[in-house]
Amino acid sequence: MIDAHEKSSIIRMFHVHHNYGPKKALIDITLDIAKNEFVFIRGPSGAGKSTLLKLFYLGEPVSEGQVLIDGINLARIPRKRIPHLRRKFGIIFQDYKLIPTQSVYDNVALVLEAAGAKKRLIQKKVKSILRLVGMEDRLKSFPPSLSGGEQQRIAVARAIIGDPKIILADEPTGSLDDESAAVILDLLRGVHIRGATVIIATHDKALIRKTGGHVLDLQQGRLETSTFIEKQYDNAIF
Amino acid sequence: MITIITISLSILIASAFTLFFVNTSEIINSWKKGLRLMAYLKPGINNDGLKDLKLAIQALDDVDNLQFISKQEALSRLKTQMEHQSSLFENLTQNPLPDSIEIRMTATNESWQKIESLAAQVEALPQIEKVEYGQQWVGRFAHIISLFRLAGYAMGALFFMATIFIVANTIRLVIYSRREEVEIMRLVGATDNFIRIPFYFEGLIQGALGAIIGLVMLYIAYIFISSSVENEFSPGLFRFHFLSPDLLMAILLISMLVGWLGCFISLKQFLKQ
């Protein structure tokens, strides 16, 4: 029987441990993230933020414990269902992870092509998303010809085009100037308003103060605190 | 590009060997066609006896055709062949050569044992004095042919394996350099098949292009080399041939298979991770 708490949760972890060889990266993590939350995973470098995100989309296997994503127990997911699990996520990286040999259009379209969408729908959605992130005039450009801020906007477009339930962003503003960082943050707020759960791993305390939300503090692989900071959408573009 | 160059060079080497092997076999076959046995007749055989003898020889296995050479004709041929030493024949009071029958064997059946067996059968006929067929030379020649065939197959197999190994490794390195692209595709929810299929197509196309480039290079080299080889090596005896359309098609398909196989092996390793 599903209780009301489980019903509203999108990510649940129970006593999760993760090791890289003998090194303990995550120790006894238990957490609960509700649908449509705006979550920050905060901590210094090496605290285990990126590892925690990877466990959500099976970028790393769980060494011990249970992870439930939208009701799916990751310990029991068959290998061939992993791509379907990953389509629940839109993932944004600090280093953008765009395919340099493919155009902006192709990079963004990849998500829908992988999901088997029709060509006409792909064309329509890619143009619409690129308009949303302000990159509609660069669809034929290649990533190396774009600035860091522009590349991250493309990465955001790729992350949201499939209407994922969860957006994971690993230090999304880490390599950007303040202006570009503000644009990316506004885009993520917009996705959140439209119903997605947004999880951002960051060590930038100023970023958290600007936005507010559910803050999980990681220290040396342990979840120290789980607090809520009031939302302040004073400069949202949506 | 690196993959195509590697495939084309591998195909060039392997198909050059095939070309050499095919043409050397052709030379050997042309030599084999000249293989004959000479049966020397006892003196005093009349026309009826000769007719019976011819029928008896013709009835033996592996005999293609035969030709009677009278002692007069034999002497005349000898004189023609030795026209510069004609003084040797001046003091000849009678013809010392015997009548003979020249026996040609069927082209495909000249194993050493068969030649020996045919010679023994002919020699056993009562009208025959002696049979000659260059016993020692034919024995060595047959041995060389067997060795050549064996070496050809062994080298062909080695070339094939080396080509697969080189191409598969080159493709592996190329795919390794694109591992981030594969990783990104997996992160956005692409299935293994979605990732594999474009790489497989790429492997097949690279294999086909590599084969075409390699074969074109071989053809250019063949045009330059063939005329001089034909003239110097064995004029008029055989024609230097390029690979047959069947062989060309086989090389193209093998090359495509190798291109695909390289991708298959490399991706299998990547997608396991």
Side-chain angles (χ1 to χ4, degrees), chain A residues 50 53-54 56-61 69 77-93 95-102 106-117 122 126 142-144 151 154-170, chain B residues 1-8 167-210 213 256 258-273:
Chain A
S50 299
L53 293 189
K54 282 180 185 172
F56 295 155
Y57 61 86
L58 277 176
E60 288 285 343
I69 303 292
I77 191 167
R79 195 183 135 75
K80 65 175 183 181
R81 296 296 301 172
I82 293 174
H84 298 272
L85 168 84
R86 288 183 178 156
R87 287 177 205 159
K88 291 180 186 291
F89 294 96
I91 310 171
I92 302 161
F93 298 91
D95 59 354
Y96 328 123
K97 288 208 189 298
L98 299 173
I99 300 172
T101 53
Q102 292 190 6
D106 289 335
N107 266 282
V108 178
L110 181 64
V111 177
L112 298 179
E113 285 167 356
I122 294 173
V126 171
F142 286 81
Q151 288 193 57
I154 302 303
V156 171
R158 183 182 63 188
I160 64 180
I161 194 167
D163 296 321
K165 291 186 172 179
I166 307 160
I167 298 286
L168 301 179
D170 192 0
Chain B
M1 197 61 194
I2 290 169
T3 315
I4 295 173
I5 292 169
T6 309
I7 293 176
S8 59
V167 171
N169 268 294
T170 309
I171 291 174
R172 205 158 69 90
L173 287 174
V174 170
I175 291 181
Y176 186 76
S177 72
R178 290 170 67 182
R179 66 193 181 283
E180 196 165 292
E181 185 179 330
V182 173
E183 190 52 37
I184 291 168
M185 288 166 109
R186 296 177 86 182
L187 288 178
V188 301
T191 59
D192 286 355
N193 278 341
F194 180 87
I195 297 167
R196 277 190 203 117
I197 288 167
F199 278 101
Y200 285 172
F201 272 113
E202 211 171 297
L204 288 170
I205 291 167
Q206 284 172 336
L209 282 176
I213 294 169
M256 289 171 77
V258 168
W260 173 81
L261 203 62
C263 286
F264 177 80
I265 294 166
S266 313
L267 282 173
K268 204 170 176 189
Q269 288 169 347
F270 268 122
L271 296 176
K272 251 185 190 174
Q273 292 164 6

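The chains referred to below are lettered A, B, ... by the order of the sequence lines, with proteins before strands, and numbering in each begins at 1. Reckoned from all heavy atoms, side chains included, excluding hydrogens, waters and symmetry mates.
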- prompt: For the atom pair CZ (A:Arg86) and CE (B:Met185), what is the distance rounded to the nearest 0.5 Å?
  reply: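 A:Arg86 atom CZ to B:Met185 atom CE measures 13.5 Å (nearest 0.5 Å).
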When rounded to the nearest 0.5 Å, the distance separating CG of B:Leu187 from NZ of A:Lys54 is 9.5 Å
### Message
Quick one, B:Ile184 with A:Phe93, criterion side chain to side chain contact (heavy atoms under 4.5 Å, CB included). Give me CA distance, side-chain angles, the key distance, then yes/no.
### Response
CA-CA 11 Å; B:Ile184 291 168; A:Phe93 298 91; over 6 Å; no
Might you point out which heavy atoms bring [X] and [Y] nearest each other, and give the distance in Å?
X        : Y        : result
A:Ala114 : B:Ala190 : CB-CA, 3.7 Å
A:Arg79  : B:Asp192 : NH2-OD2, 2.8 Å
B:Gly189 : A:Pro83  : O-CB, 3.4 Å

TODO: Go through the steps to decide whether B:Arg186 and A:Ile82 satisfy the test side chain to side chain contact (heavy atoms under 4.5 Å, CB included), and finish with yes or no.
DONE: CA-CA 9 Å; B:Arg186 296 177 86 182; A:Ile82 293 174; over 6 Å; no
**Asked** Got a sec: does the CZ of A:Arg81 have more than 12 other heavy atoms crowding it under 6.0 Å?
**Response** no
**Item:** Contacting moiety of A:Ile99, where chain B heavy atoms sit under 4.5 Å
**Value:**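 Both parts, heavy atoms under 4.5 Å.
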- Query: Heavy-atom distance under 4.5 Å to chain B: side chain of A:Glu113, backbone, both or neither?
  - Reply: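 Both backbone and side chain.
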Tell me, with the steps shown, if A:Lys97 and B:Glu183 meet side chain to side chain contact (heavy atoms under 4.5 Å, CB included). CA-CA 9 Å; A:Lys97 288 208 189 298; B:Glu183 190 52 37; 5.9 Å; no
